[in-house]
Amino acid sequence: MDDKLFNRIKTLTEIQSVSGFEDNMRRVMAKEMTPFVDKVEYDGLGGVFGIRKNKSNEAPRIMLASHMDEVGFMVSQILENGLFRVVPLGGWNPYTVSAQRFTLQTKKGDYPIISTSVPPHLLRGANKQKGIDVADILFDAGFVSKEEAEEFGVRPGDGIVPQAETIKTANGKRLISKAWDNRYGCTLVLDVLEELYGQELPNTLIAGANVQEEVGLRGAKVSTHKFKPDLFFAVDCSPADDMSGKKDANGQLDEGFLLRIFDPGMIMLGRMREYILELAEDNNIPYQYFVSKGGTDAGAAHLVNDGVPSAVIGVPGRYIHTHQTMFSIKDYEAAREMVLKLITTLDKTEVNTIIYGK
């Protein structure tokens, strides 16, 4: 991993943008894409995409989509003592929420805030803690009253974002960060656009990032309708399940990109699967099959317009949807190579074969 890639990953993962509050990421994505595309366009919810035009009107339209948002919280109520009740933005394991640092984003500025935790001293005897629910966890920014919080500009509806530093592991082969779901995809989109700059493509490329994926795949429905691609590729991070060391684990670090063949929202079209597999094997790109209980933007995109054959080129991450995700650079590099091969080979003939089988 060279310094350029690490610095890009560090920059993007440390940006704070939860679902519905993607402005910070959108500004960076738009700025970074602009030198490598013909134009930058936005959809009505705030998704941002760079367009690489093709000279031919017959060229197929290929959409490469990340999502900008990360999991976090929203202030739902300011209590009289200055603490906050919140609602989750995206899926959280309640046991990972307590006693963590976050940033409270308000119209007057960003403030440090922490999630509450009950000390073990207060859990003895009759006060012994039962199961934890996210709704029971309060957030504390140090305000002494509701009035003081409001004086600092806090209002219900403000976003609360995890705060964490991105670092390398001792061996330099893996990284630890927040928001690899899905700053992985944002990193890959920028890398791919930069790598392909100046190259003639056999398609029109629409590459960028959606909003509000973590709260119901909302942005993908809008952007896919707007840009009308022939094929859609989501680039997203999925949970690794390899901590026990079992060789048949679903999603293993260092074993290549994830080829998602099934999730509750989408079954990948067989011809799409065969095309990706053949391309990966012909180019010795490591991959692993993946079956998921959760969805991605591909689940929304493939049902838009008259139907859009879609696939997910993913990577696994340990402990996603927390402050600390661990991931492998080897898996990222495999996904990047796979996406580059797809974009540089998908011409009109190949796309028609995937869609129509001829």
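Numbering starts at 1 and runs along the sequence shown.
Ring pair F139/F73 is tilted by interplanar angle, where 30° to 60° counts as tilted. Ring geometry, F36 versus Y197: the interplanar angle exceeds 60°, so the pair is classed perpendicular (tilted spans 30 to 60°).
No donor-acceptor pair under 3.5 Å is formed between the side chain of K39 and the backbone N or O of G50. Although no hydrogens or angles enter the test, the distance criterion places a donor-acceptor pair under 3.5 Å between the side chain of R26 and the main chain of G46. Distance alone, capped at 3.5 Å, is enough to place a donor-acceptor pair between the D331 side chain and the G256 backbone. Proximity of a side-chain donor or acceptor of E22 to a complementary backbone N or O of G20 within less than 3.5 Å is detected. A donor-acceptor contact shorter than 3.5 Å links the side chain of Y111 to the backbone of F152. In this structure, the side chain of R183 engages the main chain of I15 through a donor-acceptor pair within 3.5 Å. With hydrogens and angles disregarded, no donor-acceptor distance shorter than 3.5 Å links the side chain of D140 to the backbone of I114. Here the side chain of T11 pairs no donor or acceptor atom with the backbone of I9 at under 3.5 angstrom. Looking at D2, its side chain does come within 3.5 Å of a backbone N or O of L5 through a donor-acceptor pair. A donor-acceptor pair under 3.5 Å links the side-chain atoms of N203 to the main chain of I343, judged by distance alone.
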Run the numbers on R260 and S238 for side chain to side chain donor-acceptor pair (under 3.5 Å), then give the verdict. CA-CA 9 Å; R260 179 182 291 236; S238 297; 2.5 Å; yes
Go through F84 and L104 one step at a time and tell me if the side chain to side chain contact (heavy atoms under 4.5 Å, CB included) criterion holds. CA-CA 11 Å; F84 309 105; L104 171 61; 4.2 Å; yes
How far apart are the C-alpha atoms of T13 and T166, what are their side-chain angles, what is the distance that settles it, and do they pass the side chain to side chain donor-acceptor pair (under 3.5 Å) test? CA-CA 7 Å; T13 52; T166 300; 2.6 Å; yes
From CA spacing to verdict: side chain to side chain donor-acceptor pair (under 3.5 Å), D236, T296: CA-CA 7 Å; D236 206 344; T296 73; 5.2 Å; no
Check the pair L79 / R85 against side chain to side chain contact (heavy atoms under 4.5 Å, CB included), numbers first and verdict last. CA-CA 7 Å; L79 303 182; R85 294 195 188 280; 3.8 Å; yes
Intermediate values then yes/no, side chain to side chain contact (heavy atoms under 4.5 Å, CB included), I160 and V86: CA-CA 9 Å; I160 297 176; V86 303; 3.7 Å; yes
If you apply the rule side chain to side chain contact (heavy atoms under 4.5 Å, CB included), what do you find for L346 with I354, and how did you get there? CA-CA 10 Å; L346 282 168; I354 291 171; 3.9 Å; yes
Could you please spell out the steps behind the salt bridge (Lys or Arg N to Asp or Glu O under 4.0 Å) verdict for K4 and E194? CA-CA 12 Å; K4 181 179 180 181; E194 185 172 3; 2.5 Å; yes
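With values rounded to the nearest 0.5 angstrom, L303 atom CG is found 14.5 Å from H225 atom NE2. From D69, atom CG reaches atom CZ of R218 across 10.0 Å, with rounding to the nearest 0.5 Å.
Between K146 and E148 there is no salt bridge, since none of the side-chain N atoms of the basic residue sits less than 4.0 Å from a carboxylate O of the acidic one. With respect to E14 and K10, a salt bridge is recorded, a charged nitrogen being found less than 4.0 Å from a carboxylate O. Classification of R155 and E150 as a salt-bridged pair fails, no side-chain N sitting under 4.0 Å from a carboxylate O. Using a 4.0 Å cut-off between charged nitrogen and carboxylate oxygen, D263 and K293 do not count as a salt-bridge pair. Ion pairing between K246 and D241 fails under the 4.0 Å rule for side-chain N and carboxylate O. A salt bridge does not link R101 with E165: every distance from a Lys NZ or Arg NE/NH1/NH2 to an Asp or Glu carboxylate oxygen is 4.0 Å or more.
A 6.0 Å sphere centred on NZ of K173 holds no more than 12 heavy atoms belonging to other residues, nucleotides or ligands. Counted within 6.0 Å of CG on L277, heavy atoms from surrounding residues, nucleotides or ligands total more than 12; the atom is thus considered enclosed. The local environment of CD in E200 is sparse, with at most 12 non-hydrogen atoms from other residues, nucleotides or ligands closer than 6.0 Å. Enclosure of atom NZ in K168 by more than 12 non-hydrogen atoms of other residues, nucleotides or ligands within 6.0 angstrom is indicated. The number of heavy-atom neighbours closer than 6.0 Å to CD of Q199, taken from other residues, nucleotides and ligands shown, is above 12.
Contact between P309 and D230 at its shortest, heavy atoms only, is CD-O, 3.5 Å. Residues I355 and R271 share a closest heavy-atom pair of O-NH2, 2.9 Å. Of all non-hydrogen atoms in V304 and V308, the two that sit nearest each other are O-CG2, 3.7 Å. Shown here for G251 and P316, the closest heavy-atom pair between the two residues is C-CB, 4.2 Å. For the residue pair R52 and L201, the shortest heavy atom distance occurs at NH2-CG, 3.7 Å. For the pair G90 and V215, the tightest heavy-atom approach, listed with the atom from each and the gap, is N-CG1, 3.8 Å.
A donor and an acceptor atom, one from each side chain of Y287 and E255, are nowhere located under 3.5 Å apart. Looking at Q16 and T103, their side chains do bring a donor and an acceptor atom within 3.5 Å of each other. With no hydrogens or angles considered, a side-chain donor-acceptor pair links D181 and H321 at under 3.5 Å. Side-chain polar atoms of S56 and N54 form no donor-acceptor pair below 3.5 angstrom. For the residue pair S98 / S115, no side-chain donor-acceptor distance below 3.5 Å is found, with atom types taken as modelled. Between the side chains of N250 and Y289, not a single donor N or O lies within less than 3.5 Å of an accepting N or O. Looking at T345 and Y275, their side chains do bring a donor and an acceptor atom within 3.5 Å of each other. In this model, no donor atom of one side chain and acceptor atom of the other lie less than 3.5 Å apart for R174 and N171.
Placement of M338 and L205 within a single hydrophobic cluster is found when ILVMFWY residues are connected by side-chain heavy-atom separations under 4.5 Å, directly or transitively. I62 and V235 fall within the same hydrophobic cluster, defined by Ile, Leu, Val, Met, Phe, Trp and Tyr side-chain heavy atoms under 4.5 Å apart, directly or through other members. Hydrophobic clustering of Ile, Leu, Val, Met, Phe, Trp and Tyr side chains at less than 4.5 Å, counting indirect connections, keeps F143 apart from L138. Residues V315 and I176 do not share a hydrophobic cluster, clusters being chains of Ile/Leu/Val/Met/Phe/Trp/Tyr side chains in contact below 4.5 Å. Under the 4.5 Å side-chain heavy-atom criterion for ILVMFWY residues, no single connected hydrophobic cluster contains both I113 and V18.
Just one of N210, N182, T224 meets the side-chain hydrogen bond (donor to acceptor under 3.5 Å, both in side chains) condition when paired with D297; it is N210.
Hydrophobic cluster membership for L217: none, as no Ile, Leu, Val, Met, Phe, Trp or Tyr side chain comes under 4.5 Å of it.
You'll find the side chain of Y319 stays beyond 4.5 Å of the side chain of W180, heavy atoms only. For the pair F327 and Y332, the minimum side-chain heavy-atom distance is 4.5 Å or more. Between S310 and M266, the closest side-chain pair of non-hydrogen atoms falls below 4.5 Å.
Legend: residues meeting salt bridge (charged side-chain N to carboxylate O under 4.0 Å, His left out) with E58, ordered by chain and number and at least two apart, are K348.
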